[in-house]
Number of protein chains: 2
Amino acid sequence: MTEREETVRLRSLTRPAPEDACELVVEGIDAGALVTAVGRCSVDYEGRAESTLGPGERHVMLKPDGAALVHTDEGQQPVNWQPPDCDHEVSVVDGQLLVESHRETPAEHLAITFESVLQASAFGLTDERDLSLAGTEEDLRERVLDDPDLVETGFSPLATERSTPAGAVDVYGEDREGRAVVVELKRRRVGPDAVGQLSRYVDALARDLHAEREVRGVLVAPSVTDRARRLLAERGLEFVSLKPPRKDDIDADG
Amino acid sequence: MTEREETVRLRSLTRPAPEDACELVVEGIDAGALVTAVGRCSVDYEGRAESTLGPGERHVMLKPDGAALVHTDEGQQPVNWQPPDCDHEVSVVDGQLLVESHRETPAEHLAITFESVLQASAFGLTDERDLSLAGTEEDLRERVLDDPDLVETGFSPLATERSTPAGAVDVYGEDREGRAVVVELKRRRVGPDAVGQLSRYVDALARDLHAEREVRGVLVAPSVTDRARRLLAERGLEFVSLKPPRKDDIDADG
DNA sequence: AAGTCGATATCGCCA
DNA sequence: TGGCGATGTCGACTT
């Protein structure tokens with residue numbers, strides 16, 4: 001006989017006593033719910049670095065995959081967090097709700113101590129999570145492979161992610177003269193770091209190929225900064241202005 | 001005459017009608033509250049890239065600084081978001097709660113359409129926000145400046161953030177022989193990118209200084225990957241193993 | 001488990 | 001405001 005148990009969609013408590021908040025959070029985590037607790041708390045972290053955060057009112061989210069987020073009223077990023085696959089422990093210590101999250105490799109521990117809880121909620125969520133994203137570097141690569149002349153008339157792509165001792169080259173190919181060409185793609189305006197990356201690949205490939213073989217390096221991006229342009233020139237590297245396609249462009253290609 | 005208005009600490013609705021959810025969210029935003037809405041929704045984004053996300057149950061957070069976050073039940077990162085300083089608009093369209101967030105420079109628009117709302121809350125939060133963090137690259141720099149012999153016996157730091165045509169050098173100094181030394185600091189194990197960064201600085205400084213002047217490059221980090229070690233060797237660069245101090249070490253220094 | 005690199009990276013600092 | 005680099009970056013993919 002099977003007990004038909006309806007998934008608990010929502011449990012919520014307003015200004016709960018620490019023991020009641022603890023029970024809701026524990027049962028929510030056990031049930032695979034996304035749990036939130038809002039209230040005045042302090043946060044201590046120790047792991048890859050160390051941090052302490054004095055008392056203040058914050059929004060705490062515990063996800064069923066083991067992630068934890070502490071958000072203040074400002075900023076896109078959480079002020080403290082734990083990544084997915086952490087173990088959450090919830091308890092009441094000295095009359096205060098204590099939420100701890102821990103993982104190994106690397107060893108990291110987060111402790112959130114609540115002076116008071118304004119609201120605690122447990123949400124049973126289901127999500128297909130089918131995000132469709134366009135305008136990435138991969139889209140730019142497909143654009144280049146579809147029409148290599150956008151890089152340069154007569155350019156012939158031979159491989160993507162071609163490995164070198166310095167890392168994998170985005171697009172490797174030959175120009176109309178048969179010279180080796182390393183293409184580094186960036187979806188947005190680039191600075192000196194991208195030039196360094198391209199330069200590394202060109203150097204590594206020049207060592208790998210026979211010495212007499214010339215290797216050209218081409219940075220493909222919407223634009224470059226002044227400093228990046230100078231570095232490109234110093235190293236004999238080239239730049240081609242190209243943006244990742246918009247969704248409409250991709251559709252039109254079909 | 002001043003009306004003494006107590007800050008609304010918490011307003012919350014369970015399974016509200018779209019109109020009621022809309023009112024709560026609008027008034028919450030106007031009051032400078034952190035607003036959350038949990039429910040089944042679809043999300044469309046257009047800006048630096050483009051994305052669509054089909055229906056699913058998610059947690060939406062609107063911060064008083066203009067940030068917006070859409071969290072699924074998985075992952076540390078939001079599936080969609082807007083950065084701070086965006087303008088939020090809330091309305092009911094075709095009987096559905098619609099939350100929009102927009103900014104210019106760059107032009108970005110986020111639209112969240114709710115099929116249903118499980119819970120909507122507005123939290124009036126106050127936070128001193130005094131995060132203390134240790135174990136950063138800055139801590140590592142202070143450790144090196146306090147005891148330059150940790151880099152090498154006789155090393156003399158002359159400047160931090162010394163500018164070069166390729167960017168600013170973390171620590172610039174001289175070795176016991178009077179040779180110029182570029183030190184690049186990293187708080188954690190490094191890969192090829194850090195070698196490229198150091199290499200750029202050394203090249204740029206060698207150009208800037210008189211040609212006969214030798215410029216050494218030293219990467220200071222806890223450890224390096226194999227590939228990074230090979231790249232260092234190829235370019236005649238050096239590595240010194242050093243970690244950022246823990247909080248206890250910093251205290252002991254005082 | 002570790003290496004490598006992209007990201008709507010975000011964030012802070014400085015010119 | 002844009003450039004530049006750090007981040008407890010995260011996340012995906014490969015080895």
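So you know, we letter chains A, B, ... as the sequences are listed, proteins then strands, and number each from 1.
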Considering only residues two or more places apart or on different chains, which pairs with a residue in residues 48-80 of chain B satisfy ring-ring contact (aromatic ring centres under 6.0 Å, His included)?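 Pairs touching residues 48-80 of chain B that pass the test: A:H59-B:H59.
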Mind running a 4.0 Å heavy-atom check of residues 34-52 of chain A against DNA chain D and sending the residues that fall below it, in number order? A:Y45, A:R48, A:A49
If each of A:P192 and B:T136 is mapped to the nucleotide of DNA chain D with the nearest heavy atom, which maps nearer the 5' terminus, i.e. the 5' end? A:P192
Is any side-chain heavy atom of A:V90 closer than 4.5 Å to a side-chain heavy atom of A:L97? yes
Roughly how many Å apart are C:dT8 and C:dT4, using the P atom of each and rounding to a whole number?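 Their P atoms lie roughly 23 Å apart.
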Taking salt bridge (charged side-chain N to carboxylate O under 4.0 Å, His left out) as the test, write out the residues that go with A:E138, two or more places apart.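 Here no residue qualifies.
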Within residues 98-106 of chain B, residues whose heavy atoms come under 4.0 Å of DNA chain C: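 Result for residues 98-106 of chain B: none.
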Determine the contact category for B:E161: base if any of its heavy atoms lies under 4.0 Å from a base atom, sugar-phosphate if only primed atoms, P, OP1 or OP2 are that close, otherwise nothing. nothing
What is the first contacted nucleotide of DNA chain C and what is the last, in 5' to 3' order, if contact means an atom lying under 4.0 angstrom from a heavy atom of chain A?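 Contact boundaries, 5' end first: C:dC5 to C:dC11.
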Taking any atom under 4.0 angstrom from a heavy atom of chain A, which nucleotides of DNA chain D are the first and last to qualify, 5' to 3'?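 First and last nucleotides in contact are D:dG3 to D:dG11.
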Please tell me if the side chains of B:P64 and B:L34 come closer than 4.5 Å, counting only heavy atoms from C-beta onward.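 Side-chain contact under 4.5 Å: yes.
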For nucleotides D:dG8 and D:dC4, find the distance between their P atoms and express it as a whole number of Å. 23 Å
Quick one: which residue pairs count as a salt bridge (Lys or Arg N to Asp or Glu O under 4.0 Å) with a foot in residues 231-243 of chain B, not counting sequence neighbours? A:D203-B:R235, A:R207-B:E234, B:R216-B:E238
Verify, without hydrogens or angle tests, whether A:R58 (side chain) and A:C41 (backbone) share a donor-acceptor contact under 3.5 angstrom. yes
Quick check: do B:L62 and B:I29 have side-chain heavy atoms less than 4.5 Å from each other?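 Result yes, sub-4.5 Å side-chain heavy-atom pair found.
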Classify B:R188 by what it touches in the nucleic acid, base, sugar-phosphate, or nothing, heavy-atom distance under 4.0 Å. base
Spacing of the C1' atoms in C:dG6 and C:dT10 (rounded, Å):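 Comparing C1' positions in C:dT10 and C:dG6 gives a spacing of 14 Å.
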With distance as the sole criterion, is a donor-acceptor pair present between the side chains of A:Q197 and A:K186 under 3.5 Å?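 A:K186 and A:Q197 do have a side-chain donor-acceptor pair below 3.5 Å.
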Specify the residue among B:R189 and B:E108 whose closest nucleotide of DNA chain C lies further upstream toward the 5′ end.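 The 5'-side residue here is B:R189.
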Contact list for DNA chain D against residues 73-87 of chain A - heavy-atom distance below 4.0 Å: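 Of all residues in residues 73-87 of chain A, the ones placing a heavy atom under 4.0 Å from DNA chain D are A:N80, A:W81, A:Q82, A:P83, A:P84.
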Would the number of heavy atoms belonging to other residues, nucleotides or ligands and lying under 6.0 Å from CD of A:E89 be above 12? no
Between the side chains of B:S51 and B:D44, does any donor sit under 3.5 Å from an acceptor?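 No.
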Side-chain donor-acceptor pair under 3.5 Å between A:S223 and A:R189, yes or no? yes
Output yes when A:E137 and A:R143 qualify as a salt bridge under the 4.0 Å nitrogen-oxygen rule, no when they do not.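 Salt bridge between A:E137 and A:R143, a charged N being under 4.0 Å from a carboxylate O: no.
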Can you list everything that forms a side chain to side chain donor-acceptor pair (under 3.5 Å) with B:R162? Sequence neighbours excluded, please. none
Excluding sequence neighbours, so at least two apart, what forms side chain to side chain contact (heavy atoms under 4.5 Å, CB included) with B:L158? B:Y172, B:E174
Using a cut-off of strictly less than 4.0 Å between a heavy atom of the residue and any atom of DNA chain C, enumerate the qualifying residues of residues 165-173 of chain A by number.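 Within this stretch, A:A166, A:G167 sit under 4.0 Å of the strand.
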Do B:I112 and B:V70 have side-chain heavy atoms sitting under 4.5 Å apart? yes
Distance-only donor-acceptor hits, side chain of residues 128-135 of chain A, under 3.5 Å, sequence neighbours excluded:
| unit_1 | atom_1 | unit_2 | atom_2 | d |
| --- | --- | --- | --- | --- |
| A:R129 | NH1 | A:D127 | O | 3.4 |
| A:R129 | NH1 | B:D73 | OD1 | 3.3 |
| A:D130 | OD1 | B:G54 | N | 3.3 |

Under a 4.0 Å threshold between the charged nitrogen and the carboxylate oxygen, would B:E108 count as salt-bridged to B:R48? yes
Salt-bridged, A:R246 to B:E50, with N to O below 4.0 Å?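 Yes, A:R246 and B:E50 are salt-bridged.
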